[in-house]
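See structure below.
Nothing here was measured: the structure is a model prediction, and the numbers come from that model. Side-chain atoms are counted along with the backbone in the values below, which use heavy atoms only and exclude waters and symmetry mates. First the proteins, then the strands, lettered A, B, ... as listed; each starts at 1.
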Amino acid sequence: MVAKTVNVINAQGMHMRPAGLLAKAAAAHKECNVTLKVNEKSVNAKAVMQIMSACIKCGSTVEIVCDGVDEQAVLDEIAGMFESGFGE
Amino acid sequence: MKKYTGKGVYGAVAIGKISIFKRQEVSVKRERIDDIDAQKQRVEDAKAQATAQLQEIYDKALKEVGEANAQIFEIHMMMLEDLDYNDSICNIIETQSVNAEYAVAVTSDNFAEMFSAMDDAYMKERAADIRDISNRLIRNLQAGGSDNALGDDKVIICADDLAPSETVLLDKEKVLAFVTAHGSSNSHTAILARNMNIPAIIGLGDAFLSEIKDGDSAIVDGFTGEIFISPDEETTARLEKKQKEDEEKKKLLQELKGKENVTLDGKKINIYANIGSVDNIGAVLLNDAGGIGLFRSEFLYLESNDYPTEEQQFAAYKKVLESMAGKKVIIRTLDIGADKQVDYFNLAKEENPALGYRAIRICLTRPEIFKTQLRALYRASAYGNLGIMFPMITSVSELEKILAICSEVRDELAAEGVEMAEKVELGIMIETPAAAVISDLLAPMVDFFSVGTNDLTQYTLAVDRQNPEIEEFCDTHHEAILRLIEFSAQSAHKHGAWIGICGELAADTSLTERFLRMGIDELSVSPTFVLKVREAVRSVDLSHA
């Protein structure tokens with residue numbers, strides 16, 4: 001299991017578009033669990049509605065936890081998406 | 001005539017007949033079933049069908065409103081695949097032995113409620129997305145999945161609310177306007193309407209829908225958010241005129257956006273915009289101005305209760321320069337005094353403020369204020385293509401003092417290691433007859449002139465433009481003014497400087513040809529006049545005398 005803490009830099013937080021992109025990327029790794037820990041909650045990063053309902057605002061700190069096949073590569077990919085502001 | 005007011009989300013006028021949007025009502029009965037697996041399979045089939053439908057909607061939206069706005073339907077497809085959503089549907093079927101429709105409906109309510117309860121306006125709106133995809137699933141389960149069709153006439157669509165997919169699926173050729181009783185400007189419907197260039201009003205309230213019927217004649221004013229039912233003649237005439245003007249403006253925009261400011265015989269000039277606040281940048285870009293020819297820095301001082309700090313000014317200038325992305329931005333140093341008074345400057349009351357203590361005169365006698373502004377400007381220069389312009393110049397010695405202060409500030413910043421643009425063009429306003437008459441002496445000292453025709457007219461003709469009684473003496477086309485501009489243009493060009501006009505006269509298209517013949521290099525006008533002036537420039541032929 002590997003983990004990394006990132007900041008949400010998107011002005012509108014994790015709204016539909018970034019949530020959708022994140023879920024899509026996470027779901028592509030079927031044999032690796034991806035969990036977000038934010039505001040003392042755990043969110044399955046493969047479930048777009050969970051991500052949205054966590055109401056993650058700009059400036060929030062999110063811990064990404066990856067557990068499974070290729071976990072480090074998955075972590076790097078997901079962390080990179082947060083760091084680039086999901087291309088916004 | 002009846003009038004209802006909501007919130008306009010796309011400014012345009014539509015005149016036509018009302019069509020009340022009929023939705024296939026989704027009504028779901030709870031039924032006990034025995035074959036759980038068959039129900040699960042029905043959900044899977046309905047989902048596959050929904051995904052195909054959404055793919056079709058996505059493709060249509062991609063063409064009509066662009067990728068950024070079409071993405072919502074891609075996300076809808078992902079929501080259909082959402083683990084929790086699907087688990088919930090399966091669980092309800094399994095544990096309660098109920099039909100698929102009922103399981104979807106309950107899941108939809110639960111998820112929609114969860115979003116509605118969220119403490120965030122944007123997330124609250126997402127309840128509509130859940131309902132949209134769920135109703136699609138239920139319609140598919142009930143085998144009635146055809147989407148709404150309209151008749152042959154163009155109509156004003158009225159609805160309680162429209163789901164994003166409903167908005168996109170309506171045949172754009174037949175929709176004059178969208179009008180809804182509910183909804184917010186955050187809703188996708190509002191966003192899509194804006195991107196489809198269809199006038200739209202939202203939030204008209206429940207009473208509205210109960211008081212209209214199909215075929216009622218109506219006018220939608222998306223600018224004001226008003227809808228008139230059975231409008232009277234006067235209202236119709238007024239809005240027909242508004243519609244025509246708006247369409248002409250948009251047509252001009254369509255035809256001239258992206259075109260060069262070039263005369264028939266090939267002379268090119270710059271058309272820039274005048275603005276007085278950072279908020280106006282949107283209008284500058286929308287109207288396709290090539291740059292900002294006059295940015296009045298006064299707003300920073302007028303909006304403030306004390307002298308704006310270097311940091312405050314730097315942030316504002318940087319924002320403008322960055323937003324203009326390398327296009328020219330000419331910022332005029334403060335022009336306080338005369339009709340623009342600021343309490344904390346503690347300026348004494350004057351008998352004749354237009355001829356008094358104002359603009360550069362304040363800057364030169366209170367250099368600390370001037371230097372703060374110049375430091376902010378030079379620091380911001382690293383972020384774009386900045387020009388600095390000084391108002392109310394009357395003499396060579398004034399300009400010498402200004403230039404000395406500028407190089408002092410530059411040296412100071414360089415010593416502090418602050419990053420600055422290599423070249424910041426410096427120019428002066430030609431707005432006093434004195435400056436125009438000695439423009440041949442001033443031109444070698446600067447990079448550009450910008451003629452302020454409002455003050456130049458007032459000072460040359462000795463008329464107060466605010467005084468309506470002497471309006472007939474205020475001939476803005478007076479030969480004296482035009483000759484002063486012409487001489488300034490000759491002086492500028494002789495010494496390698498360029499010359500623009502940033503006063504109201506720049507937008508007077510009856511003078512465009514004359515200005516071009518004088519050799520004016522730039523016209524800076526209010527953003528809404530940019531394309532009108534471009535049209536005028538493009539119709540001039542300088543090859544005939």
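Within 6.0 Å of atom CD in B/Glu311, more than 12 heavy atoms from other residues, nucleotides or ligands are found, so the atom counts as buried in its surroundings. Heavy atoms of other residues, nucleotides or ligands lying less than 6.0 angstrom from NZ of B/Lys124 number more than 12. Environment of CD in B/Glu419: sparse, with no more than 12 heavy atoms of neighbouring residues, nucleotides or ligands closer than 6.0 Å. Applying the 6.0 Å contact sphere to CG of A/Asp70 captures no more than 12 heavy atoms from other residues, nucleotides or ligands.
Contact residues of residues 49-64 of chain A toward chain B are A/Met49, A/Gln50, A/Met52, A/Ser53, A/Cys55, A/Lys57 (heavy-atom distance under 4.5 Å).
Residues satisfying the salt bridge (Lys or Arg N to Asp or Glu O under 4.0 Å) test with A/Glu83, not counting sequence neighbours, are A/Lys4. Looking at residues two or more places apart in sequence or on another chain, you find a salt bridge (Lys or Arg N to Asp or Glu O under 4.0 Å) between A/Arg17 and A/Glu88.
Contact tally against chain A (heavy-atom pairs below 4.5 Å) for B/Asp120, B/Leu83, B/Ile130, B/Asp119: the top residue is B/Asp120.
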Side chains of residues 19-40 of chain A: which donor-acceptor pairs under 3.5 Å do they make with residues two or more places apart or in other chains?
unit_1  : atom_1 : unit_2  : atom_2 : d
A/Lys24 : NZ     : B/Glu74 : OE2    : 3.3
A/His29 : NE2    : A/Glu77 : OE1    : 2.9

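Interface remark: B/Met79 contributes backbone and side-chain atoms alike to the contact with chain A (heavy atom separation under 4.5 Å).
Taking CE of B/Met78 as the start and CE of A/Met16 as the end, the distance is 9.5 Å to the nearest 0.5 Å.
The two residues A/Ala47 and B/Asp84 make their nearest non-hydrogen contact at CB-OD2, 3.8 Å.
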